[in-house]
Structure formats: structure tokens, C-alpha cells
Amino acid sequence: MRSMRSTGFRRRTQRVLEQGTSFVADASASFRRNGLMTAAAVTTIMVALLVVGAAVLIGLNLGNIAEVVEGQVQVVAFLRDGLTSVEAEKVRTAVGAVPGVEEVEFVGRGEALQRLQQQMGEHAAFADLASTNPLPDSLEVQLTDPRSAPVVASVVARQPGVAEVTYGGEVVDRLIALTRGLRGVAALLTVFLTSVALIVVVNTIRLTVIARRQEIEIMQLVGATPWFVRWPFLIEGLFQGAAAAVAAVVVLGTVYLVGMLRLQVTMPFLPLAGPADAALPLLGSVLMGGFCVGAAGSLLAIRRFLTS
Amino acid sequence: MRSMRSTGFRRRTQRVLEQGTSFVADASASFRRNGLMTAAAVTTIMVALLVVGAAVLIGLNLGNIAEVVEGQVQVVAFLRDGLTSVEAEKVRTAVGAVPGVEEVEFVGRGEALQRLQQQMGEHAAFADLASTNPLPDSLEVQLTDPRSAPVVASVVARQPGVAEVTYGGEVVDRLIALTRGLRGVAALLTVFLTSVALIVVVNTIRLTVIARRQEIEIMQLVGATPWFVRWPFLIEGLFQGAAAAVAAVVVLGTVYLVGMLRLQVTMPFLPLAGPADAALPLLGSVLMGGFCVGAAGSLLAIRRFLTS
Amino acid sequence: MVQFQDVTKGYPNGVLALRRVSLRVDPGEFVFVVGPTGTGKSTLLKLLYRDESPTEGRVFVAGRDVSALPHRAIPELRRGLGVVFQDFKLLPSRTVFENIAFALRVIGAPPQEIRSRVIRALDLVGLAHRPDAMPGHLSGGEQQRISIARAIVNDPPLLLADEPTGNLDPNSSWEIMQVLSRINLRGTTVIMTTHNKMIVDILRRRVVQLAAGRVVRDQSRGLYAVDA
Amino acid sequence: MVQFQDVTKGYPNGVLALRRVSLRVDPGEFVFVVGPTGTGKSTLLKLLYRDESPTEGRVFVAGRDVSALPHRAIPELRRGLGVVFQDFKLLPSRTVFENIAFALRVIGAPPQEIRSRVIRALDLVGLAHRPDAMPGHLSGGEQQRISIARAIVNDPPLLLADEPTGNLDPNSSWEIMQVLSRINLRGTTVIMTTHNKMIVDILRRRVVQLAAGRVVRDQSRGLYAVDA
Ligand SMILES: Nc1ncnc2c1ncn2[C@@H]1O[C@H](COP(=O)(O)OP(=O)(O)OP(=O)(O)O)[C@@H](O)[C@H]1O
Ligand SMILES: Nc1ncnc2c1ncn2[C@@H]1O[C@H](COP(=O)(O)OP(=O)(O)OP(=O)(O)O)[C@@H](O)[C@H]1O
Ligand SMILES: [Mg+2]
Ligand SMILES: [Mg+2]
């Protein structure tokens, strides 16, 4: 048996580079030849990545909105009537020492009235309130964690000099529930849509592999090792994933930029993520997603057709 | 040529029923045999339909929310001080006649103060306002179309006896922009995700057809007509679409019910669509989508492999 | 039954498979088509069942100009033929029985007849004992005999057989030749390509010899080769 | 070189393709395996390239027990063999050249040698003029010769040929037999199944005859059949 046992060993190192180039040539040749199938697969992966990218962008923006909404939660402590400014300052210090409090601001009754008038719209009917201002002095308390509002409020209420505490009551609870809900929805959406993408990709490549199982069988009959058979599919999966990812990034980027500009005009108060903030998560998730998922998909898909 | 021309005509009617049953038998047999491929296709279609169904549900709820938000838009006309109730009633009738106005309600200054106190939280500091009520009488105007608020407001402002008009100014504009934005987002999402689903389905079935092009070629060589070849694929597409649709409805229905119960507990103010409202659109869109898309997908996919 | 009028067939890659072939086969004839590999024997048959169209010239089957047939008339044409393909062309995911029954269903045979006719055809080629096997689980010769059974099951007026004994041992080949001869005696026209010198030389039927796409010999009661 | 020790092969569907076959082929031998269709000739070869495993008994190739080979050693085994498959097994989406070059790449041949060796192999089977054709665009006999070229291109120590002349005319068959004989003279062991009585009877090599899965004759310088 002349070369039966030794072939495998002798030329191994030298062979690796040579085979590398021919694998890539193979993959791109099959890219050209199985045009229809490749187009189908790339479209499908692209669509899946669009979904993943959209989920990332939506999650990013929901996160932003939730943060801003939570940042607006504050506890207001109304002070007893007739405190001197020294006494008021004492109360301010005491409230500032309550755990969970980040910052305390004193708001005089005059300023409070002005704010109320602004909130109500500046129409004439409120003008005569200035003389008989019914509002008390108050402390506006910023929290380290908006979710601790009810607890902090009850502690602050027990401080001497504090007449009454409000943290918007139901409103704050609702805001917190809302942001929590938004976060949950964003997470769910991302998980759901990412699994969509994965399933679609694995199935696409599996169907490609099924359509070529004859080829795989023949390669193995001629003496190809499992990795020799795998490589072209792996590289093809990577190519497809990369092509799909680039297309998805271009589409998503364009749509997001245009959509963001539109939304910013009609709803300037919405705290959307800017292009700079969105670029990295988008590129990272979609490109990495395309590569990994293309590679993992082909390896998974080919598994059951190897070593009959 | 014994039976060459006549065969096609003689038994046509009798044949239709016989072939119908054998087509169904064929389709279910191939369902069993190409198990892996069928599973892949059904999963992918199901996932696509999940996306469509989710889009429908999201659109439904966004629509609901937008409607509720818009329903809260109203124009308030503050009346001049010191009008008699007869004069006030005259103004009310005049305002009611303005185009775009649906209903006008008179709100006395005492009631207005009560509402304000409720809004501000019922704490002691406001108690002394009752004696020196600074608020005027007002008319609350419901609109036939919330988007006409600015126009109606300017017309109402010119009525005799009306001192000033507010429609929440920026707040209303923002609300309208927001609901418009939500509607737009829902429509975009539905279109986007529906095309995702279609592309995925057509590609899935096309890959199935590619994997079986040999079979199609052989059938045609033996003398099968295009429809004879198409039927099994069509029926298989319908089967797959229907199976996927049923699975998608079950998954979506469960997730929606559970999710809705959760959300209703934490955010009871969100006007979500109930199971009864959601069932018909969901069933309709997903089941019809599955059927149509399965059938259309197979017909589209098989086209280029017929009549070489 | 079959007529080639000055037929030339060039494939898109430039290969001229047939050059100005004229040929006439009358109903009831039995014709061997012989010649070295790649001289256009299979192409000649493909023109008859309209798998290919001639580049020049016309091809008639049962009086109809096959080369000018509209697409929708092709199934009708093929239902009047039985074809044994050189590479068998069996449906890989159907059983032997289903593969043959399929050809009957296509022509709209009454379902109650299908079972018995399939079994009879399998019996003729000596494979009645394995109706439920998948083609991939059969030996080469067994697959070839399935292909033959499918071609004859619908009693076609014209049978085209491309190398039907290539994978068969001499005994099986003779059995198949007896089947084909019997079908021919019942009136079916048979055109068969072959490389099997022994069969041609013993049966002494009409022989059409091709060389490089041309008809170089057309002899009734001929031998496989003139100089052999 | 090759040894079967009391080998029985049953397929999952219950067919017993080989029954207690014992056989020894020495290096450099040329063996014809003959017998009616479906008697286990292809199965015999499949056991050698480990496409199937025996139900009982052991199979040795070059001293290694092939029946007990772990999965990862199978590619190594197949690289030492050349196989002409009964159904050709050409990659349908590769050109003729690529199909053959593939077999060389698999064994890790230096790329600069590949081109010339492929051309030489194509030349041997008489198809050097069509390296860029796709297999689907070739005639049956041409495909068969591509399959032969692929089997011999890597100068294997053991060549298994399953019906390599089934689609060839007598002249081409003789050319192929000359190629195989020449390879055999250079030291390659050749095991070839065939139904071609003429070739077996004229070459007079060792003949192993199977019938219903059993070896019923093993004769050096034998004829195709004893009673023929
Ligand atoms: N689809 C095709 N595209 C291009 N060339 C083709 C095609 N089919 C056949 N050919 C070429 O046409 C010529 C004739 O082929 P054909 O199959 O008719 O030969 P054949 O006489 O049947 O040979 P064999 O005895 O080997 O089966 C060959 O050179 C072949 O390579
Ligand atoms: N994968 C398989 N599964 C089940 N049965 C099989 C399988 N392969 C072959 N057989 C059966 O085993 C028997 C021997 O088959 P084999 O292919 O070895 O025959 P052969 O001698 O090569 O025949 P031929 O001359 O027709 O090629 C046949 O009856 C065949 O139907
Ligand atoms: Mg041919
Ligand atoms: Mg065999």
C-alpha cells in the first residue's frame, strides 16, 4: 500500500494554506453557481437581521425614554407654615441625610405659585392669586433610585418641620410601572425577535444543505474529511451572513436616520438615541449576529449529513 | 396511435375526484417522508406568522391607546366675569353651533376649583382657596375631530362673552403628534413585518422546491401536466401554512392573554384590547395569512421549474 | 410513426449532437440505434419526447410536428410514449410501486385498474416481489428494470428505450429483450439504443448506426457493426 | 490486499445481500466479480470502501480491519482507494475538471501538479477535449469515463470498479479495459464487477461468481460463465 497511511501526515502543514485558498475559491464559485438559492438565503438572513437590528434600536430608545421618565420622579415635602429660614434650612439638611436622597432643593411659596401658573397656562384668571398666595414653602427631593420614592417619602414625612409629603402618589407609581413595563416589553421583543432570526437562519442553511446532501455524500465517498466538507459550507455561511448583515445595516441605518429626523421634528420631547449612540450597538449586534449566525447555522445545519 | 389524443378527453370529469383524493394522499405522504424539511418549513412559516400576528396585536393596541388619548383632547373657553346664567347659556348655544364642535358643557367656577384641588392632591394647603376662589366660569367643548382643536379654539375665542380660550396649547399638539406618530409606527411595523413574513415563506417553499426539482423534472418527463405537478406542492403549502398558523395562533393567544393580564395589573390605565376584541383580527390575519401565503408561496416558488 | 426531416441539433455549448439526420420509422417496427458514446443516440430520443428541440429540421411523432408543439401540448405527447431513460429517472422518495403507479395516474387510468397493472408490469421485469422498496435501496440492475416497467405499464403505442440493458447481466438482458419483443409483436413501435453487440447480432432487427451525429448506416436485419 | 472473512451482510429491510462470503485478493491481482443483478456485487465493493458495514464477519483492506474502523479513520481509508461507482456519483454543480481535481485536493496533492494530472487522466479515458463541461451536459458514456478518470487520477493502490463499461460501446469498453490493465500492470490491485461476457471471456482473468449472495465460483483465468 504505497501512500495509504503516510499521505495524511507528510504534507499536513504545507497543505493548510493551499486548501484555505481553494476553499474560498470554492465558496465563491458556489455563490455564483447556486445563484437563486444564495439570493434566497441572503434575503432571508437579511430580513432576520433587520428584525434583530430593529429590536436593538427599539430597545435602546425605550431604555432612553424610561430613564428620562424615571429621572423626572421626585418627592415634594411641604413645610409647616411660618418656619423661619434658619429652621427651614435645618429641615433641608435633615431631609438631605435620609438614605436614598440624592439632592434637596428649597422652593419658596412665591416660586411655587409661579410654576403652578406656568403649568396651568398663563391666562388672566390666575393674576389675582399673587396677592393671596395659598401655597406653602416646599422641598424638592431628588432620589438616587426613583423606585424608592414611596419609602423615602414616608421617612421624610416623619422629619420635624415637614407638614406633608407627596411624590405624585399614583402618578409616580404609574410612571414606575410604565418604565418597568417598557423595559420588560423591550427585553421580550429582543429575545423573541432574536430567536426568530436564529430559527430562520438555521432553517435556511439547513434547506440549502438538504438541497446539496448529494454533494456532501459524494465528497465523503471520495475521501474528504468532515472538516474538508464543512469548510466550504462554513465559509459560504459566513459570506451569506456578512452580505446580509451589510445590507441590513444599510437599510436600518437609513430608515433610522430618516425616521429619527421626522420624529424629532414632530415630537422634540422624545429622548431618542442619536446616530452616534445607535451606531455601535447596531453595527455590533447586526454584523456579529450575521457572522456568528451564518457560521453557527451552517455548522448546525450540516451536522446530521456528516459521517453517515 | 391508439389512445394518444382521446385519453385526455374521455375520462376528464370522472378523473377529477379520483385525482383529488390521490393528491391529498400524496401530500400527506410527502409530509411524512420529508419530515426534516417539512419541520423546517413549518417552523419558519410559524415564526413569520408570529411576527404578523404580533404586529396586528400591537397595531390594535396602539390604535386603542391613540383613540383614548385623542378622546381626552378638549377646548376650554373661559367666560367673562359677571355673566348672568341666561347670558352664559346664550354663549353656550353659540359655541355649540361652531362647526367641529360635538358637545358643550358648562362648568361653574366652584366645580372648577374642586377639580383643580383634586388634580393637585387633596392636601391641606389648598383648603383656604375655597373662600377666595380665583377661577372663572368655563365651557368645556368636545370636538368631533381632536385634530381640529386649534381651528375650533380660534373660532370660539371670537364669540361674545368668551374671555379666553385654551386647548392645552402645546400639550394637545403634542398628544396629537404622539398619536399620529404611534399610528404611523404601527402601520410601518405591520407593513415591514408582513413583508418579512412573505419573503421568508416564499424563500422557504422555494428552497423546498429546489431540493425537489429532480422530482418535478421527472414528473414532467413522464407526461404530467403543470397542474398535476403543482397540486401536491400547493396542497403541501396549504398544509404547512395551516399547521404553522394554528401553532402561531396558540402561541400568540397564550402569550397575549398572560401578558395582558400582567399589564392590566401593573398599568390598569392602559386601554388594552380584550381577548374578545383581539380574537377575530388575530385569527383572521394569521389563519388567512398562513393559508394564502402557503398557497401563493408554493405557486410562486414552483413557477420557474415548470415547462423547462 | 416517427419521422426526422433533415434534423440538426446543436447544444448551447456549441456541441453538434446531430447533423442533418433524416429517418423514418413505420408503425410496428423495432429499431436498434447504435454507435460510439457521445454520437447523439440519447439526443435522438430526447427530440422525440420533446426534452430538446431541434436547431434545424422537423420531427414528427404520429403525424404531429413535435418540434413545433406548444408547451401545453407536451404532456399529451409524452403520455402516448413509454420512455426508459439512460439514468433511470426514478422518483427517489417514492416506492417502486408508487413510481410505476404514477405513470398510470398521469394518463388518468381508473384507480381500480392501477394495482393489477402495476403488479403485472413488475412481474414482466421479474421484480414483483419488491413493490415496497425505495429506488435508492435497489441494485443498479433492479433500478433499470423498474424504469422499464414504468415505460411499458401504460401500453404505449411508441416505446423509446435508452440503453435498457446497460446494467443487466446477459440472462436478465435476454429476459428484457423478450419482454420488448412481445410488446413489439402486439403492435408497439420500439426504438432502442444499445451497446450490446450480442443482442443486436442475434436478434437481427433494423439497425441505425450513428457516428459523430450522422446516420452512417440504416440496415434492416443488420448486425451491430459491419466489420465485426 | 483484501480479505473477506465469513462475511454476511443484511440490509435493514431484511434483504440478505451477502451470505458467509470468504475471499482473498492479493496485491497486484485483477479480479472480475460476476453474477446476475441483485446478487450482492455492489454490496461487496461497498464493504471495502466502508459505505456499508458487515452484519457478521470481518473485512480487511491492506491489513486493516475495515469493519471495525472508527468514523474518523474512514476518510484515510477512502483516500487509498479509487472507486468507479455504478451510478457515477459526479458532483452535478462542478465542471468535469473540478470533479477530478477534487479527488486530488482531498488527498492533499500539490496544487501545481493538479492541473497536469487531471489532464492526463482525462486523456487516458479519451475526454481531454471537454474539461469545462458540466456532468449533466454529457452523454451517459462520457459521464462514466469521467467517473473512471476520477478513480484513477490519484494512482490508488486499490481500484474498485463497479460496472465501469455498462454505458460504453464495445470500442470504448476495450479502451477502458486497456487503461485498467495498464494500471494493474503498474501494481494497482483491481476489483471490477461486470456483466460484459465478451470482456471477461477474452481477458481471461480471475473470476469470482456470486449467486444469491454466495460465492459459487472462484477461478483464475476463468470465463464469464461455466456453461456459456
Ligand atoms: N444538455 C447538453 N448540453 C450540452 N451538450 C450535451 C448535452 N447533452 C448531450 N450533450 C453532448 O452531445 C453529444 C451527444 O450526446 P448524447 O447523450 O446524445 O450521446 P449518446 O450517443 O447517447 O452517448 P452514450 O452512448 O454515451 O449515451 C455528446 O458529445 C454530449 O456531450
Ligand atoms: N441500501 C439498501 N437497502 C436495502 N437493500 C439493498 C440496499 N442496497 C442493495 N440492496 C439489496 O441488496 C441486494 C444486492 O444489491 P447489490 O447492489 O449488491 O446488487 P448487485 O449485484 O450490485 O446488482 P447489479 O448487478 O444490479 O448492480 C439487492 O437485492 C438489493 O435490492
Ligand atoms: Mg446516451
Ligand atoms: Mg451493482
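Only a predicted model underlies this, so the values are computations on that prediction, with no experimental measurement involved. Order of the sequence lines fixes the chain letters, A, B, ..., with proteins taken first and strands second; residue numbering starts at 1 for each chain. Scope of the values below: all heavy atoms of this structure, side chains included, with no hydrogens, waters or symmetry mates.
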Closest heavy-atom pair and its distance - Ser139(C), Gly38(D): OG-N, 3.5 Å
Spacing of Asn171(D) atom CG and Lys197(C) atom NZ [to the nearest 0.5 Å]: 10.5 Å
Side-chain heavy atoms of Gln143(C) within contact of Thr37(D), under 4.5 Å: no
Proximity breakdown for Ser42(C) and chain D, heavy-atom pairs closer than 4.5 Å: neither
Residue, of Gln144(C), Arg145(C), Glu142(C), Gln86(C), that accumulates the most heavy atom pairs under 4.5 Å with chain D: Gln86(C)
Polar contact flag, side-chain donor to acceptor under 3.5 angstrom, Glu163(C)-Asn167(D): no
Any donor-acceptor N/O pair, Asp169(D) side chain to His195(C) backbone, under 3.5 Å: no
Validation row: Val15(D), Arg130(C) side chains within 4.5 angstrom (heavy atoms): yes
Contact leader toward chain C among Ser173(D), Gly166(D), Gly141(D), where contacts are heavy-atom pairs under 4.5 Å: Gly166(D)
